[in-house]
Amino acid sequence: MEWETVREGNLPIERHAGLAELLRAAYPHFPGFFAGSRSWSYVRPELRVVGRSTRDDAHAGVLRRFVEIEGRDHLVGIAGLVAVRPELQRSGTGLELMKTVAAALHSLGVAHGLLMCAPRHVPFYERAGWRRLSPRRVRYSPDDTADPRPVVDEVSTTTLVLPVAAEEWPEGTIHWHGASV
Ligand SMILES: CC(C)(COP(=O)(O)OP(=O)(O)OC[C@H]1O[C@@H](n2cnc3c(N)ncnc32)[C@H](O)[C@@H]1OP(=O)(O)O)[C@@H](O)C(=O)NCCC(=O)NCCS
């Protein structure tokens, strides 16, 4: 598999259909989510990491954002749309993908990587070097691509961070001021 890291503005428009097809295959529990050529969910990424053979087999989206914690801005790279083609799963491709994501986060100069995930995916991200935070309040938008909706305000037990330029993650409520990738 060949790995590439592509900024959103450099992604040829015809590539979206292939990525959407991969995301539909990897996220069958979100029917209609990646319809047609829509290759993003709640917000469009800034950069994509793609693993390709004869077609797109693995993908992750990354978006830089300042999250606010205790009144201070903290530069993160949000990771999401993490997907490996179902027939290739459990063979190490996901870890390879996350290694390339980590390299991309380094090149973007962020303090940390940040993501929220379903509880069943925590072991995967931990294997990839991400650290699960203790339960804490998070405030985020459910979807920045649709009509404005109330901010979600909840206690998250599955927020993970990857140390990039900084080691320690600050304590306190995480105000995302936007949606997850
Ligand atoms: C999550 C995902 C990207 C993992 O990719 P993958 O290629 O299967 O991952 P790897 O083979 O590199 O797995 C590495 C390690 O992560 C852990 N892991 C991966 N999938 C796991 C699962 N379903 N349950 C428990 N542990 C898992 C294991 O420790 C695994 O090592 P092992 O196979 O030696 O036990 C893939 O399952 C996927 O695309 N899922 C559907 C889309 C999705 O839900 N993405 C996550 C959104 S938050």
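Atoms considered below: every heavy atom in the structure, side chains included; atoms not considered: hydrogens, waters and symmetry mates.
- Ser37 OG to Ile13 CD1: the interatomic distance, rounded to the nearest 0.5 Å, is 8.0 Å.
- Within the structure, every pair that satisfies the salt bridge (charged side-chain N to carboxylate O under 4.0 Å, His left out) test and touches residues 27-49, not counting sequence neighbours, is listed here: Glu8-Arg44, Glu8-Arg48, Glu46-Arg64.
- Within the 4.5 Å cutoff, the side chain of Arg65 has heavy atoms near those of the Trp176 side chain.
- A distance of 11.5 Å separates CZ of Arg15 from CG of Asn10, quoted to the nearest 0.5 Å.
- Listed for the Thr158 side chain is no donor-acceptor partner under 3.5 Å among the backbone atoms of Pro119.
- Note: the hydrophobic cluster containing Ile78 also contains Val161 (ILVMFWY, side chain heavy atoms under 4.5 Å, direct or indirect links).
- Hydrophobic clustering (side-chain heavy atoms under 4.5 Å, transitive across Ile, Leu, Val, Met, Phe, Trp, Tyr) groups Leu63 together with Val76.
- Between the side chain of Asp144 and the backbone N or O of Gly178 there is no donor-acceptor pair closer than 3.5 Å.
- In terms of hydrophobic clustering, with Ile, Leu, Val, Met, Phe, Trp and Tyr side chains grouped at heavy-atom distances under 4.5 Å, Val151 and Val138 are assigned to different clusters.
- The side-chain heavy atoms of Trp169 and Pro163, taken from C-beta on, include no pair separated by under 4.5 Å.
- Minimum heavy-atom separation, Leu160 to Cys117: CD1-SG, 3.6 Å.
- Rounding to the nearest 0.5 Å places CZ of Phe30 at 11.5 Å from CG of Leu23.
- Hydrophobic clustering of Ile, Leu, Val, Met, Phe, Trp and Tyr side chains at less than 4.5 Å, counting indirect connections, keeps Leu114 apart from Leu162.
- Between Tyr125 and Arg132 the shortest side-chain heavy-atom distance does not fall below 4.5 Å.
- Taking all atoms of both residues into account, the shortest heavy-atom contact from Pro45 to Val181 is CB-CG1, 4.2 Å.
- Using a 4.0 Å cut-off between charged nitrogen and carboxylate oxygen, Glu70 and Arg136 do not count as a salt-bridge pair.
- How far CG of Asp56 is from OG of Ser39: 10.0 Å, rounded to the nearest 0.5 Å.
- Within a 6.0 Å radius of CD in Glu87, other residues, nucleotides and ligands contribute more than 12 heavy atoms.
- Side-chain contact between Arg85 and Glu21: present, with at least one pair of heavy atoms (C-beta onward) separated by less than 4.5 Å.
- Note that OH of Tyr140 and OG of Ser156 are 7.5 Å apart. Values are rounded to the nearest 0.5 Å.
- Residue Asp153 holds its CG atom at 8.0 Å from NE2 of His175, rounded to the nearest 0.5 Å.
- Of the possible polar contacts, one joining the His112 side chain to the Glu167 backbone as a donor-acceptor pair under 3.5 Å is found.
- Side chains of Leu11 and Leu19 form a contact here, defined as non-hydrogen atoms less than 4.5 Å apart.
- The hydrophobic cluster containing Met116 also contains Leu81, counting ILVMFWY residues as joined when their side-chain heavy atoms lie under 4.5 angstrom apart, directly or transitively.
- Residues Pro135 and Thr157 have side chains in contact (heavy-atom distance under 4.5 Å, counting atoms from C-beta outward).
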Can you list, pair by pair, the side-chain donor-acceptor contacts under 3.5 Å of residues 92-102, counting residues two or more places apart and other chains?
{"residue": "Glu96", "atom": "OE2", "partner": "Trp3", "partner atom": "NE1", "Å": "2.8"}
{"residue": "Thr100", "atom": "OG1", "partner": "Glu96", "partner atom": "O", "Å": "2.9"}

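- Look at Arg131 and Glu168 and you find no salt bridge, because none of the NZ, NE, NH1 or NH2 atoms lies under 4.0 Å from a carboxylate O.
- Aromatic pair Tyr27/Phe33: centroids not less than 6.0 angstrom apart.
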